[in-house]
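First the structure, in the form of structure tokens, and then the observations on it.
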Amino acid sequence: MKGFCVTLLSILFCCHTFAQRPNDAARIRQLNLYQDTLKHLGITFINDTDDVARKTANYQFIKTLKSALKISNSFLYPFDSVKSITITNSPDNLFRIFSWHITNDDGSCRFYGAIQMNTGSNLKLYPLVDYSPFIKNPEDSVTDNSKWYGAQYYKIIRVDAAIPYYVLLGWKGNTVRSNKKVIEALSFKNDKPILGLPVFDGNKKTRKRVVFEYARQLSMLLQYVPSQHLIVFDNLAPPDKKLKDKPETYGADLTYNGYRLKNGRWGFEENLDMRNVPNEHDEEYVDPKKQAESDKISLKKDNQQ
């Protein structure tokens with residue numbers, strides 16, 4: 001299903017833009033129908049216990065998304081009822097990213113996504129193809145959208161450097177024993193997306209992206225504080241020094257580190273005092289399985305009425 005990795009991302013829906021002309025009402029009706037189908041398929045690929053059923057629903061989901069995105073001005077449609085995927089827009093509204101995952105029977109995840117550019121009536125879409133198993137050194141790798149270090153993104157930060165780029169914060173299910181979170185760098189060269197950029201300095205090296213791994217049953221803070229131009233995150237540590245080579249055992253140790261933006265680069269800082277960090281919460285990553293279960297209950301209630 002590699003070739004069908006197509007996804008979207010969201011922007012605030014300007015209803016008045018769609019409501020100006022008669023044909024706009026027809027487009028909205030079409031998109032509403034597609035959204036309803038996507039919502040049901042998403043519930044299946046998140047919740048169904050059968051691996052084949054999940055992947056079949058995902059295949060149908062991708063085809064439906066393709067059809068929906070071909071509708072003129074689809075970029076303005078939020079698809080906000082489709083809780084099985086994450087839709088995140090860039091602060092400058094130049095693009096949006098759709099990302100989601102399918103859980104395999106062994107507990108690992110495969111990610112799907114795409115970057116949709118804000119081009120008006122003509123669709124311009126870059127599929128994101130999950131290449132994670134083959135990227136051996138993700139913090140040192142620069143790739144394109146055909147070799148994506150898959151993740152489900154919940155925040156996009158624009159950096160106004162000499163050549164502007166974007167930083168993406170994402171969740172990355174890993175194995176039955178561990179999860180990951182990712183600080184990704186996205187730029188565009190010759191009108192094509194490039195993933196990875198050597199802009200994360202300190203902590204013993206310069207990284208092209210930053211990857212954290214921690215025990216699956218635990219959680220990890222990874223948040224952007226815009227007033228301080230700071231990405232803050234939990235310091236991860238093993239429960240015992242003997243397990244320092246087993247990141248799947250790591251958890252938060254109640255201290256915080258971060259990357260602070262200065263002159264277009266991100267410098268590492270240790271032992272941040274969180275008392276001085278304002279409570280500016282991002283949209284936190286929401287487990288789509290929990291959301292889809294909630295949607296399933298809502299659908300049952302609707303059918304009973």
Side-chain angles (χ1 to χ4, degrees), residues 9 11 86 88-97 99 113 115 117-118 126 128 135 137-145 147-172 180-213 220-236 252-253 255-285:
L9 169 159
I11 205 181
T86 303
T88 315
N89 65 285
S90 66
D92 51 16
N93 288 337
L94 288 179
F95 64 91
R96 59 182 184 172
I97 300 177
S99 52
I115 302 169
M117 307 305 294
N118 186 0
Y126 297 106
L128 295 168
I135 302 176
N137 299 296
E139 293 193 328
D140 298 323
S141 301
V142 175
T143 67
D144 60 20
N145 57 297
K147 294 183 178 179
W148 173 45
Y149 192 64
Q152 200 154 342
Y153 301 121
Y154 55 87
K155 186 70 176 178
I156 301 177
I157 306 154
R158 178 183 163 98
V159 180
D160 292 313
I163 300 176
Y165 67 94
Y166 302 85
V167 169
L168 319 176
L169 305 185
W171 173 90
K172 183 176 178 61
K180 292 183 178 181
K181 284 197 174 180
V182 180
I183 307 175
E184 178 66 88
L186 168 67
S187 57
F188 293 89
K189 184 176 181 181
N190 299 325
D191 208 28
K192 303 291 184 184
I194 302 296
L195 294 157
L197 197 65
V199 292
F200 303 103
D201 297 322
N203 195 16
K204 300 181 180 177
K205 65 182 290 187
T206 293
R207 292 168 167 78
K208 297 177 175 69
R209 70 176 53 77
V210 184
V211 182
F212 307 92
E213 184 174 0
M220 178 197 168
L221 172 75
L222 176 61
Q223 176 185 321
Y224 181 55
V225 182
S227 64
Q228 296 198 19
H229 307 292
L230 176 70
I231 299 169
V232 64
F233 47 88
D234 283 311
N235 186 61
L236 299 175
D253 69 357
T255 65
Y256 303 92
N257 303 328
Y259 281 98
R260 195 181 301 275
L261 181 63
K262 186 176 181 181
N263 299 325
R265 302 183 68 84
W266 299 84
F268 180 76
E269 296 185 4
E270 287 185 288
N271 298 318
L272 294 172
D273 186 350
M274 289 296 288
R275 292 173 300 178
N276 296 325
V277 176
N279 187 21
E280 301 177 35
H281 292 292
D282 303 328
E283 294 176 273
E284 296 292 339
Y285 172 78

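These numbers come from the heavy atoms of this one structure, side chains and all, not from hydrogens, waters or symmetry mates. All residue numbers in this chain count up from 1 along the given sequence.
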Measure the spacing between CG of Asn203 and OG1 of Thr206 and express it to the nearest 0.5 Å. 10.5 Å

Between the CG atom in Leu186 and the CG atom in Leu197, the distance rounded to the nearest 0.5 Å is 9.5 Å

Do Leu272 and Arg260 pass the side-chain contact (heavy atoms from CB on, under 4.5 Å) test, and can you show the C-alpha distance, the side-chain angles, and the key distance before you say yes or no? CA-CA 11 Å; Leu272 294 172; Arg260 195 181 301 275; 4.2 Å; yes

Considering all heavy atoms, the nearest Tyr149-Arg209 contact: CD2-CD, 4.0 Å

Gap between atom CD1 of Ile194 and atom CG of Asp144 - 0.5 Å precision: 6.0 Å

Identify the two heavy atoms, one from Arg158 and one from Pro91, that lie closest to each other, and give their separation to 0.1 Å. N-CG, 3.9 Å

Could you walk me through whether Leu221 and Phe233 pass the side-chain contact (heavy atoms from CB on, under 4.5 Å) test, one step at a time? CA-CA 5 Å; Leu221 172 75; Phe233 47 88; 5.8 Å; no

Sidechain-backbone polar pair: Asp92 side chain, Leu94 backbone, donor-acceptor under 3.5 Å: yes

Least distance between heavy atoms, Gly264 atom then Tyr165 atom: O-OH, 2.7 Å

May I ask you to decide if the ring planes of Tyr259 and Phe200 are parallel, tilted or perpendicular, using 30° and 60° as cut-offs? perpendicular

Between Val182 and Ala151 the two heavy atoms that sit nearest each other are CG2-CB, 4.5 Å

Between Tyr126 and Phe95 (judged by ring centroids, cut-off 6.0 Å), do the two rings come close enough to count as a pair? no

Does CG in Asn263 sit with more than 12 non-hydrogen atoms of other residues, nucleotides or ligands closer than 6.0 Å? no

Which heavy atom of Pro193 sits nearest a heavy atom of Ile115, and at what distance? CB-CD1, 4.0 Å

Taking all non-hydrogen atoms of both residues into account, name the closest pair between Tyr166 and Ser90 and its distance. CE2-CB, 4.1 Å

Would you please classify the geometry between the Trp148 ring and the Tyr153 ring as parallel, tilted or perpendicular, with 30° and 60° separating the classes? tilted

Step by step, would you call Arg207 with Ile183 a side-chain contact (heavy atoms from CB on, under 4.5 Å)? CA-CA 10 Å; Arg207 292 168 167 78; Ile183 307 175; over 6 Å; no

Gap separating the CD atom of Glu269 from the CG atom of Asn271, nearest 0.5 angstrom: 11.0 Å

Kindly compute the distance separating OG1 (Thr255) from CD (Glu270), expressed to the nearest 0.5 Å. 8.5 Å

Tell me if a side-chain donor or acceptor on Asn118 pairs with a main-chain N or O of Asn93 at a distance below 3.5 Å. yes

Checking Asn235 side chain against Tyr256 main chain: does a donor-acceptor pair fall under 3.5 Å? no

Trp266 side chain reached by Val167 side chain, heavy atoms, under 4.5 Å: yes

Short side-chain to backbone donor-acceptor contact, Lys172 and Gly150, under 3.5 Å: yes

Going through the distances and angles, do Trp171 and Leu222 end up as a side-chain contact (heavy atoms from CB on, under 4.5 Å)? CA-CA 9 Å; Trp171 173 90; Leu222 176 61; over 6 Å; no

Rounded at 0.5 Å granularity, tell me how far CD1 in Ile231 sits from CD in Gln223. 11.0 Å

